[in-house]
2 protein chains.
Amino acid sequence: MATINDVAKRAKVSVVTVSRLLNHPEVVNAKSATKIHKAMEELHFQPSQIARSLVKRRTNTLGVIMPDVKNPFFNKWFRSLEEHATVHKFSLLLCNTDDNAEEEMHYVKLMQAQRVDGVVIVPYSKKSVEYLIGSGQKFVLVDRIYRDLKVNFVTTDHFQGGYQATQYLIKLGHTRIGILRGAGYIFPDVERYAGFEKAMKENGILIDQELIINCDLDEAKAYERTKEVLSRRKKPTAVFSFNGLMSSGFIQAVQEMGLSIPQDVSLLSFDEIQGYGIFRPRVTHINQPIRSLGEFAIDMIANIIQNKNSTRQGIFLKPELVLGDSCRRI
Amino acid sequence: MATINDVAKRAKVSVVTVSRLLNHPEVVNAKSATKIHKAMEELHFQPSQIARSLVKRRTNTLGVIMPDVKNPFFNKWFRSLEEHATVHKFSLLLCNTDDNAEEEMHYVKLMQAQRVDGVVIVPYSKKSVEYLIGSGQKFVLVDRIYRDLKVNFVTTDHFQGGYQATQYLIKLGHTRIGILRGAGYIFPDVERYAGFEKAMKENGILIDQELIINCDLDEAKAYERTKEVLSRRKKPTAVFSFNGLMSSGFIQAVQEMGLSIPQDVSLLSFDEIQGYGIFRPRVTHINQPIRSLGEFAIDMIANIIQNKNSTRQGIFLKPELVLGDSCRRI
DNA sequence: TTGTATGCGTTATCAT
DNA sequence: ATGATAACGCATACAA
């Protein structure tokens, strides 16, 4: 691979002149510039970001650590990140943790070793975040935050989303509302449930703990648990599923049981389901401002890296209820 | 950020000893090792891959250039890449081109500048590939190849897939088969169509050019063109859509027209549609060996990088027909 | 406008 | 078993 040195020799100038053409083109003589450009083309030269990074102490690379790009929510988000990263000339190293704490810690350390300028992380384990803090790494938390950690973050107002969704179901007359949720470990799960609780309490409706199902945010588990719950005598009239995957599991179970949505049971999903465009009835869901979640994350990390604003920032974005036909009035 | 130097000072040894502990731990004294490990922990030290890369001329990073992670086919494939990359200690830089030639060229050059050890690319433009060749970059082509370019690649046997799908439809009695395809620009599109042609010819069925629709592999276009085609007097009895996105567009159009699959028109899709698990009828489709496409790509590039086998390699993987209920016998 | 010398953080080579 | 020195490819301060 050609280096600045090869270019210099071929163009018969010193390396410094080549370097200058790269960084301060206005200050180099037109003739030299032409010669150098010619040499660069002939050699297919591209300046080594590696060497450059070493001296500038900037890699122009961001580490993105998240659960899984296969998840539609996260791949849309990633594309939004990429789009805005380009504006700031950042390349993106993508790491999928599958919500595995060890994988995550591994990646956090790897990003540090790669000397990325910053990390954008949707954390699973608090330890990873604490390591980031301890190592002095610049980072922003997205979606999953820790109230007691003073760090920069962008997230959806999951509490509001849970509240909003529940209010909607209650207004339609539902009182026996089933919840397909996670294990109460990550922030969004906890908050959505708290929002649900608040709405129920405000309306004087007692929560039947039998209807609160921990599915680990997993499709297969949601499928199984749904079959079980809908076989009971006292079924829920509506189900509020905490993510798109679980909604899919729910739908499959309902279909196999020969039931239909919303005649037999209503469905409200947090996040759009996969295949939203073709599945009928259209699934009513809480939509997160995915693009903003990406934009803010990039802007924040870019600011932190440039040390522009040293004030810590935490942003909550409002979710939105998208009406479909999967919830009926009773 | 702590350097090997800081560690050396704190542990009261020379940098070389620290470096050695990192690379040849067996050769350093146990006491020194302990001191150094302690210092490293206290400083949250991680060796700079940047500096390391500079001297080793290896970044342990691969560039992945592809159309779009939002596409289910590609995000599954990316995860497979990541999984196997981990085995070879590679990090992955992800670049989405949206099948834009300029973006692609930009990324190809960027990867070169980043001095990635290799590039795994699903190319859109031949120019990008030619640049890769010219620059001496190590790379493998995935999915989209160029017959006249002597390069390493892994792809599905798209011809076989197109042939297989068509044969199946013909066996069910279909002769008026509509095709939702791309512009005939990329390899898979061309091959799938050629496979279709062969099957039609073998069965002595004339191809009605009116039913061959260029939708640019795009969902919205497939939607529009479907509405148009299904409004004609002479409708197709079956439609073979060349990717999952177009299949979704097709399905939406069919639904809005009050028609049903497969009663009014059969559907066979290349690649699984988004929401396959919940959409009924299950869509019959041609499945590509996504995981193998990822494994082979990584193994090939890893081999090339290690210069193990200098012989050029091109692999065609067999697709598979997955039966659903979207095609009826007529 | 151009060139010389130095350093970024690490590893390899040679010594000790 | 450990250390001194040079080199990787580039950018910057300083000099010319």
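Values in this document were obtained by computation on a predicted structure and should not be read as measured data. Numbered from 1 within each chain, the chains take letters A, B, ... in sequence-line order.
- Between A/Gln49 atom CD and D/dA11 atom C1' there is a gap of 13 Å when expressed in whole angstrom units.
- At the phosphate of D/dC10, neither OP1 nor OP2 sits under 4.0 Å from any side-chain N or O atom of A/Arg52.
- Salt bridge status for B/Asp99 with B/Arg144: present, with a side-chain N to carboxylate O gap under 4.0 Å.
- What separates CG of B/Leu43 from P of C/dG9 is a distance of 14 Å, to the nearest Å.
- Taking the six-membered ring where the residue is Trp, A/Phe187 and A/Phe316 present tilted rings, their angle falling between 30° and 60°.
- Toward the 5′ end of DNA chain D lies the nearest nucleotide of B/Val13, the other residue of the pair B/Leu54 and B/Val13 mapping further downstream.
- Between A/Ser14 and C/dG3 there is a side-chain N or O to OP1 or OP2 distance below 4.0 Å.
- OP1 or OP2 of D/dT12 has at least one side-chain nitrogen or oxygen of A/His24 nearer than 4.0 Å.
- Ranked by how close their nearest DNA chain D nucleotide is to the 5' end, B/Arg115 and B/Lys12 are led by B/Lys12.
- Of the candidates D/dC10, D/dT12, C/dT11, the closest approach to any side-chain atom of A/Val16 belongs to D/dT12.
- D/dG9 atom P lies 17 Å from atom CG of A/Asn23, rounded to whole Å.
- Between the CD atom of B/Gln114 and the P atom of D/dG9 there is a distance of 16 Å, rounded to whole Å.
- OP1 or OP2 of D/dG3 lies within a sub-4.0 Å distance of a side-chain N or O belonging to B/Thr17.
- Residues of residues 25-39 of chain A having a heavy atom closer than 4.0 Å to DNA chain D: none are found.
- Side-chain contact annotation: A/Gln313 with A/Asn152, donor-acceptor N/O pair under 3.5 Å absent.
- Distance B/Lys9 NZ to C/dG9 P: 10 Å, rounded to the nearest Å.
- The separation between A/Lys56 atom NZ and C/dG9 atom P is 15 Å, rounded to whole Å.
- Looking at heavy-atom distances under 4.0 Å, A/Ser19 makes contact with a base.
- Panel note: side chain B/Thr59, backbone B/Ser53; no donor-acceptor pair is recorded below 3.5 Å.
- When the C1' atom of C/dT10 is taken as reference, atom CG of B/Leu22 falls 9 Å away, rounded to whole Å.
- As rounded to whole Å, 11 Å separates atom C1' of D/dC14 from atom CZ of A/Arg20.
- Each of B/Ile301, B/Asn60, B/Leu93, B/Leu92 was checked for a side chain to side chain contact (heavy atoms under 4.5 Å, CB included) with B/Val116, and the lone residue meeting it is B/Leu93.
- Closest non-hydrogen pair, A/Val55 versus A/Ala51, comes out as CG1-O, 3.0 Å.
- Using a 4.0 Å heavy-atom distance criterion, B/Thr3 is classed as a sugar-phosphate-only contact.
- Residue A/Arg57 is in sugar-phosphate contact alone, with no base atom involved, counting any heavy-atom pair closer than 4.0 Å across all strands shown.
- Side-chain contact check for B/Tyr131 versus A/His44: some heavy-atom pair is nearer than 4.5 Å.
- Closest approach of B/Asp68 to B/Phe74, counting heavy atoms only: O-CB, 3.5 Å.
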